[in-house]
Protein chains: 4
Amino acid sequence: MVAVMCSRKGRPRSAEADSAILEATRAALGELGWSKLTMGEVATRAGVAKTTLYRRWPAKSELVVDAVAVLFDELELPDRGSLAADVEGVVIQFAALLERPETKTALMAVVAESTRDEALRARIRTSIVDRQKRLVLLGRERAQTRGELPREPDTAKAARTADLIFDVIAGAVVHRTLVSAEPVDEEWARTFTALLLGGLASVQS
Amino acid sequence: MVAVMCSRKGRPRSAEADSAILEATRAALGELGWSKLTMGEVATRAGVAKTTLYRRWPAKSELVVDAVAVLFDELELPDRGSLAADVEGVVIQFAALLERPETKTALMAVVAESTRDEALRARIRTSIVDRQKRLVLLGRERAQTRGELPREPDTAKAARTADLIFDVIAGAVVHRTLVSAEPVDEEWARTFTALLLGGLASVQS
Amino acid sequence: MVAVMCSRKGRPRSAEADSAILEATRAALGELGWSKLTMGEVATRAGVAKTTLYRRWPAKSELVVDAVAVLFDELELPDRGSLAADVEGVVIQFAALLERPETKTALMAVVAESTRDEALRARIRTSIVDRQKRLVLLGRERAQTRGELPREPDTAKAARTADLIFDVIAGAVVHRTLVSAEPVDEEWARTFTALLLGGLASVQS
Amino acid sequence: MVAVMCSRKGRPRSAEADSAILEATRAALGELGWSKLTMGEVATRAGVAKTTLYRRWPAKSELVVDAVAVLFDELELPDRGSLAADVEGVVIQFAALLERPETKTALMAVVAESTRDEALRARIRTSIVDRQKRLVLLGRERAQTRGELPREPDTAKAARTADLIFDVIAGAVVHRTLVSAEPVDEEWARTFTALLLGGLASVQS
DNA sequence: CCATAAGCGAGACGGTACGTCTCGTCTTCCG
DNA sequence: CGGAAGACGAGACGTACCGTCTCGCTTATGG
């Protein structure tokens, strides 16, 4: 039973508008980049008035978070038979996502903005970051089922380790892609995964 | 006959202005954050005309890169006697640097901006990123001298490994600090270093 | 089967709404003035939906004309025994009406608006201006009965003279009140009336 | 000796911009009328940025006062040989001025606005109203020189009379033109002048 | 030793985008 | 079916910065 909590009176908000806006935001991000993206441009592209935009999103950064969040949900953990192969696969997928112009320009910008805006940071975590931790948890579960990893009885430690793994994977791939501006190819993914899993073994033992 | 000497005539540029501008930029960054930082504000704080500012830096992003670059040069690799201790030390230092408000807000912003501006990316690499790789190289050298690490005869592979290490360290610390917004304390540094060095052993063997 | 009867079914229009709207318009005019008066504000004050308001009045100016017209109907020509006294009385009354904030701000504004809107001009004449000419006609009739003024046999000329008197009285009082921003006190009224009646004598002779 | 009071520093304001703006304002007023006149439109027509407009005039109403004020300075009191002829001439001129679309729409609008804005009222008086009183004073002087009018020894009373004459002339012509929307032709001017001068005689005796 | 030339502060300039406001219309549901 | 509630497309508002452009200084060399 979900509480619907609707206002009940007056004309309801257009659902089409929402998706048109998010779609337009992604397109404009890809073409113009974060700093040249304007609310007015998004409104025009979406065929919507500026007021409609501001009624739903108070700021550019929040709009962009929502617009790109859905892209991150496309990430999957394909079962390739071994933990290493699974990690390599997700690393490649993640890097491919970061190569898309709308993601590339948006991600660092909203993180930068979030350093001064607690609400924005929360939105980023809720809409993007925390939802990808599922991949780490699922990967571990699968590896444990396969017997590749031992089960950690201390749940607090297990959670800390998952966070560490997430920071290492996401951080390294983002840094390689956006800062070093080098490609994340099969070879890099293999080497990186070897480092991660090798290191993990030493940490857990 | 080409005149070899340039900028001989006319009033020379004020050296004080340069440092006042960079100092003002850092201060304003800390107080206002990237997105509210304006060229006009920097000029006012530095007691300088906008013209003077634009004569030296064509854009906000380049100014900010120069303003924060010097902060990164403060990072050192103190000799703590073991590779692990050295790495832990530099991780803590790096995290402390990222906690400073001017660095925190500036770094991600200029990286975001650089996704659409090749010249800016180059400037970031030259002024900030590449200069910190010296820490990785120095650390490895020191560890090899101590006998903690073998010498890699294949120089190309050695370079690739250094890049990987750099991406992993910088990426993980940045992600932990700015995205996860969790503190990089002694414990995290120890665990992360264990993972990194443990993984490195498996990669190199 | 076409429904033959119209406006039989459905909820009839609220008569209360009309007076609430006009009352709210006068109140808002007094507080905000013409230029800050908005349809939305009137609707809110009247406890009425904007739709209801627009269904009855197509534009702000027409609403305001109706709202203030009723105030002008309060003007009377009290029988003070002589033509001069009657005129003085009506001049004072008219000036007092123009001192009310809602009238003051509304009258000139709708006249200004009417310079570009023939329908509005007609509405103003019908609702406000022409209805006050009765005062001129009544005053003349009374003066003729008293023998203070001769009867003009040429009805066209009589009408022209009435129009002239009306323009002079209304124009002078409005100009004194709103443009010169000087008070219309007993003395001014007496002097002005003397000028008017004295002049009238020379015109008619 | 006029105090020049100039800022001396920085780029001086463009004198061309001022006249282009006022000219554009008059043109736009004539075409669009007061209520459709926008600051942006004026700026565009003048080939000027909105900021430049707002730097000089804080509001539409003040801009319009300045724009139309100059038109009122065109009024003259031509010497036609007799007081009556002079008055008739100025009445016709004034009416012709009020028939121009830019004046017609602007005058009542700024007066309406001034009922809520003391500074605007002052500006109107300074820039428009008081400057036309010269016509009354000059006309009287000329009539006195001709011997058509006696010299009034009581200067305060003389001033009050001049104000009265001004309110009557300006008020009647404005009312006839803008409210009654009837033409001020030769005949009306003659009748009105007869009334005014006849009345004046009774007042002054 | 003063002409030349660049740098400097101040601030106006033509622009662009902002985020808000009001307009007049259009759903929606309630009575 | 009238009415309240309120979302909608449109577009003006007045402000903030942008990066450029005069201005009238100031400070260096170099003829």
Side-chain angles (χ1 to χ4, degrees), chain A residues 6-14 16-17 35-44 46-60, chain B residues 5-14 16-17 36-44 46-60, chain C residues 3 6-14 17 35-41 43-44 46-55 57-60, chain D residues 6-14 16-17 35-41 43-44 46-56 58-60:
Chain A
C6 73
S7 55
R8 189 61 71 190
K9 281 217 172 172
R11 180 174 172 175
R13 292 198 178 167
S14 158
E16 291 175 24
S35 65
K36 308 230 159 143
L37 177 74
T38 66
M39 296 296 265
E41 175 71 15
V42 171
T44 304
V48 141
K50 270 200 300 172
T51 24
T52 303
L53 221 66
Y54 282 109
R55 205 174 287 126
R56 291 159 156 85
W57 289 277
K60 179 166 107 168
Chain B
M5 283 280 79
C6 70
S7 71
R8 246 319 177 53
K9 279 200 168 182
R11 178 173 171 177
R13 290 194 179 170
S14 159
E16 291 175 23
K36 308 232 156 141
L37 178 74
T38 68
M39 296 297 263
E41 175 72 14
V42 170
T44 304
V48 141
K50 274 199 298 172
T51 336
T52 304
L53 215 159
Y54 280 109
R55 205 173 286 125
R56 290 158 159 86
W57 288 277
K60 177 166 109 169
Chain C
C6 72
S7 72
R8 245 313 181 55
K9 282 195 164 186
R11 183 167 165 182
R13 288 194 179 174
S14 159
S35 66
K36 308 230 156 144
L37 177 75
T38 67
M39 297 297 263
E41 175 71 15
T44 304
V48 141
K50 275 200 297 172
T51 332
T52 305
L53 215 160
Y54 280 110
R55 201 173 290 124
W57 288 276
K60 176 167 111 169
Chain D
C6 73
S7 55
R8 191 57 73 192
K9 281 217 174 173
R11 179 174 172 174
R13 291 197 178 168
S14 158
E16 291 175 24
S35 66
K36 307 230 159 143
L37 177 74
T38 67
M39 296 297 262
E41 175 72 14
T44 304
V48 140
K50 268 200 300 172
T51 28
T52 302
L53 221 66
Y54 282 110
R55 205 174 285 125
R56 290 159 157 85
K60 179 167 106 167

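In what follows, chains carry the letters A, B, and so on, assigned in the order in which the sequence lines appear, proteins first and then strands, with residues in each chain numbered from 1.
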List every contact pair, protein side and nucleotides 18-21 of chain F side both N or O, where the distance is under 3.5 Å.
{"residue": "F:dC18", "atom": "OP1", "partner": "B:M39", "partner atom": "N", "Å": "3.1"}
{"residue": "F:dC18", "atom": "OP2", "partner": "B:M39", "partner atom": "N", "Å": "3.2"}
{"residue": "F:dC18", "atom": "OP2", "partner": "B:G40", "partner atom": "N", "Å": "3.3"}
{"residue": "F:dG19", "atom": "OP2", "partner": "B:Y54", "partner atom": "OH", "Å": "2.6"}
{"residue": "F:dG19", "atom": "N7", "partner": "B:K50", "partner atom": "NZ", "Å": "3.2"}
{"residue": "F:dG19", "atom": "O6", "partner": "B:K50", "partner atom": "NZ", "Å": "2.9"}
{"residue": "F:dC21", "atom": "O2", "partner": "D:R11", "partner atom": "NH1", "Å": "3.1"}

Taking only distance into account, with no hydrogens and no angle test, what donor-acceptor pairs under 3.5 Å do side-chain atoms of residues 52-59 of chain B form with protein atoms, sequence neighbours excluded?
{"residue": "B:R56", "atom": "NE", "partner": "B:D18", "partner atom": "OD1", "Å": "2.6"}
{"residue": "B:R56", "atom": "NH2", "partner": "B:S14", "partner atom": "O", "Å": "2.8"}
{"residue": "B:R56", "atom": "NH2", "partner": "B:D18", "partner atom": "OD1", "Å": "3.4"}
{"residue": "B:W57", "atom": "NE1", "partner": "B:D66", "partner atom": "OD2", "Å": "2.9"}

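- Axis angle, first five pairs versus last five pairs of the helix from E:dC1-F:dG31 to E:dG31-F:dC1: 10°, rounded to 10°.
- A straight line from CG of B:L53 to P of F:dC17 spans 15 Å, rounded to a whole angstrom.
- Where A:G47 and C:T52 each meet DNA chain F at their nearest nucleotide, the meeting point lying more 5' is that of C:T52.
- Closest approach of B:A43 and B:A49 over heavy atoms only: CB-C, 4.2 Å.
- In terms of the salt bridge (Lys or Arg N to Asp or Glu O under 4.0 Å) criterion, B:E16 has no residue partners (sequence neighbours excluded).
- Nearest-nucleotide mapping onto DNA chain E: of D:A17 and A:P12, the residue sitting toward the 5' end is D:A17.
- Atoms NZ (B:K9) and P (E:dC8) sit 19 Å apart, rounded to a whole Å.
- The backbone N or O of D:M39 lies less than 3.5 Å from no partner atom in the side chain of D:K60, so there is not a single donor-acceptor pair.
- Note: CZ (D:R56) to C1' (E:dG11) measures 12 Å, nearest angstrom.
- Taking atom CZ of D:R13 as the reference point, atom P of E:dG11 lies 11 Å away to the nearest angstrom.
- Note on A:R55: every side-chain N or O is 4.0 Å or more away from OP1 and OP2 of E:dG19.
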